[in-house]
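Reading through the structure tokens given below for one structure.
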Amino acid sequence: MPKVTYIEFDGTERPVELPAGWSLMQGATLNGVDGIEGECGGSCGCATCHVYVDEAFLDKLDPPSETEEEMLDCTSSPREANSRLSCQIKADPRIDGIIVRLPETQS
Amino acid sequence: MGDGAGVVIVGGGQAGYQTAESLRQLGFPGAITVIAAEDFPPYQRPPLSKAYLLGEVDRHRLKFRTEEYYAEHGIDLRLGAEATAIDRAGKRLLLADGTSLAYSHLVLATGARVRLLPIPGAELAGVHYLRSLADVEAIERRLGEVAAVAVIGAGFIGLEFAAVARKLGKPVTVLEAAPRVMARVVAPELSAFFDETHRAHGVDIHCDTAVVEIAGRDGQAAEVVCADGHRVAAGLVVVGIGVIPETGLADACGLTCDDGIVVDGHGSTDDPAIFAAGDCTSYHHPFAGRRIRLESVQNAADQGRTVAAAIAGQARVYDTVPWFWSDQYDVKLQMVGLSAGCEKVVVRGDRAGGKFSLFHYREGVLRAVDSVNRPADHILARKLLAAGISPTPEQAADADFKLKDLLGAASA
Ligand SMILES: Cc1cc2nc3c(=O)[nH]c(=O)nc-3n(C[C@H](O)[C@H](O)[C@H](O)COP(=O)(O)OP(=O)(O)OC[C@H]3O[C@@H](n4cnc5c(N)ncnc54)[C@H](O)[C@@H]3O)c2cc1C
Ligand code: FES
């Protein structure tokens with residue numbers, strides 16, 4: 001199972017193994033990782049699942065859809081070049097070991 | 001807390017779960033027990049009428065949290081347990097298995113139950129409602145076996161299900177008593193858009209159509225009979241004609257109920273030891289300026305948080321501007337505010353291309369925004385309405401005007 005490491009805003013590292021196909025948002029909320037809300041249930045409609053993706057993994061992800069692009073402009077914490085919505089990133093072997101940092105606030 | 005008295009929550013839905021979670025997040029140290037009638041751990045309902053039937057999420061992924069979460073956070077989650085009565089004087093909750101639980105605070109998060117179809121044939125096999133995971137699993141089994149589907153009631157859940165059934169290749173007929181789809185909850189402009197969308201996907205929609213009987217064959221639903229004599233062949237009939245707030249426990253122990261358990265801005269009932277949250281409540285909402293009852297994730301979650309804050313001694317008033325969403329085909333609808341009673345509507349974006357928002361005004365003030373495939377408008381509208389900032393109708397209609405600029409540097 002692909003491994004994902006969430007780094008909470010206070011620096012706490014939360015390694016989680018996710019079944020392939022799960023979104024990084026689902027993996028975080030189900031396992032009680034603090035700092036990802038996912039209030040729209042992963043339909044790319046709330047921007048409360050914002051993460052900063054470790055640069056080494058950024059190119060391995062499919063680029064954001066038009067909707068995700070728009071939503072990234074609505075995040076509560078500042079948008080950076082490595083900002084993504086974690087509900088749009090699916091765990092798969094290509095991104096095994098991915099590290100994402102969580103922002104200060106989601107809403 | 002002698003005798004194990006702590007917080008007892010009735011109902012393991014969105015509101016019950018949120019109350020328990022927020023209590024722990026706020027550092028509440030006492031015992032928390034959740035009495036949950038369903039056998040499955042607290043889960044999200046919205047995907048039931050959307051991604052679930054398309055196989056896009058499995059049951060495990062519907063859960064808010066893994067089972068371990070509850071144990072690790074000292075939340076005694078009792079699945080399959082039912083509360084039957086409240087002894088207010090003794091501060092005890094009675095359960096169906098004959099036992100009882102002492103409480104310091106009781107939270108009623110009992111949700112709502114589906115309104116049953118009051119016509120002959122409603123009890124036939126193949127007539128289904130859609131509220132719980134068990135409901136949708138039964139629908140899933142039936143769906144595979146039938147040639148055609150009828151949906152009674154063109155509300156959100158009925159239309160979402162119709163979209164899913166179309167995606168799965170079934171012929172779908174929607175029967176609605178009101179003159180337009182989603183009449184109870186959205187403005188006419190939006191009903192028109194969704195009517196067009198469903199027809200374009202091949203759904204046969206009949207509004208102004210009363211259903212008088214479901215005709216069966218060998219105990220199985222076979223045809224839906226309409227008042228005008230029209231008959232619709234369908235082996236699966238999904239009924240979505242609204243819900244009734246689950247107020248039985250509250251009513252029986254003398255708490256004030258009026259289209260829901262009446263609560264104040266802290267979620268408190270007229271008994272200071274008893275709170276209520278979610279679909280089962282009705283309350284004076286500051287944004288609405290009157291008493292309302294909402295059926296939404298936002299309301300259940302925010303009321304749950306509000307109740308937890310009150311119990312944890314960090315009371316704050318619940319005043320979130322209501323918001324809601326619905327997914328049908330590739331159309332993402334997001335609504336914020338209350339459009340009922342608005343007299344002016346302005347379109348922003350591309351109505352023909354299916355990417356637009358409707359800005360609703362009452363007495364010149366923005367009251368609600370419905371966004372179709374414009375999620376950024378929705379998020380900004382939430383911020384505008386919360387801050388009481390009203391763009392002019394001209395600004396709203398100008399898609400090049402940046403709504404974000406109205407929010408000022410601090411919140412933009
Ligand atoms: C198919 C479907 C799709 C939806 N889609 C959306 C959507 O897209 N967006 C949105 O915002 N909202 C949506 N909703 C509405 C949203 O899910 C509800 O508003 C929300 O679930 C309400 O939460 P609640 O906790 O108040 O009630 P519920 O979720 O109904 O939970 C109440 C729980 O209490 C239990 N209970 C009741 N009485 C007792 C008792 N005496 N003892 C023990 N347990 C008891 C019930 O079994 C139930 O599990 C949808 C609802 C459905 C059914
Ligand atoms: S969960 Fe809402 S946008 Fe990702």
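Computed over heavy atoms, backbone and side chain alike; hydrogens, waters and symmetry mates excluded. Proteins get letters first, then strands, A, B, ... in listed order; numbering begins at 1 in each.
More than 12 heavy-atom neighbours from other residues, nucleotides or ligands sit within 6.0 angstrom of CG on A:Asp10.
One distance of note links CD of A:Glu39 with CH2 of B:Trp323; it measures 3.5 Å at 0.5 Å rounding. Here the straight-line distance linking atom CG of A:Leu30 with atom CZ of B:Phe64 works out to 10.5 Å at 0.5 Å rounding. The distance from the SG atom of A:Cys46 to the CD1 atom of B:Ile379 is 6.5 Å, given to the nearest 0.5 Å. A distance of 9.0 Å separates NE2 of B:His378 from SG of A:Cys40, quoted to the nearest 0.5 Å.
Close approach to chain A, defined as a heavy atom under 4.5 Å from one of its heavy atoms, is seen in B:Val57, B:His60, B:Arg61 of residues 53-62 of chain B, taken by number.
With hydrogens and angles ignored, the 3.5 Å screen pairs a side-chain donor or acceptor of B:Gln334 with a backbone N or O of A:Gly45. A donor-acceptor contact shorter than 3.5 Å links the side chain of B:Lys404 to the backbone of A:Asp73. Remark: the backbone N or O of A:Thr29 is paired with a side-chain donor or acceptor of B:Arg65 at under 3.5 angstrom.
The minimum heavy-atom distance linking A:Cys74 with B:Lys383 is given by the pair O-NZ, 3.9 Å.
The pair B:Arg374-A:Glu66 does not count as a salt bridge, with every side-chain nitrogen at least 4.0 angstrom from each carboxylate oxygen.
When each of A:Gly41, A:Gly42, A:Ser43 is checked for heavy-atom pairs under 4.5 Å with chain B, A:Ser43 comes out on top.
At a 4.5 Å heavy-atom cutoff, the contact between B:Gln25 and chain A is made by side-chain atoms alone. Using a 4.5 Å cut-off between heavy atoms, B:Lys332 contacts chain A through its side chain alone, with no backbone atom that close.
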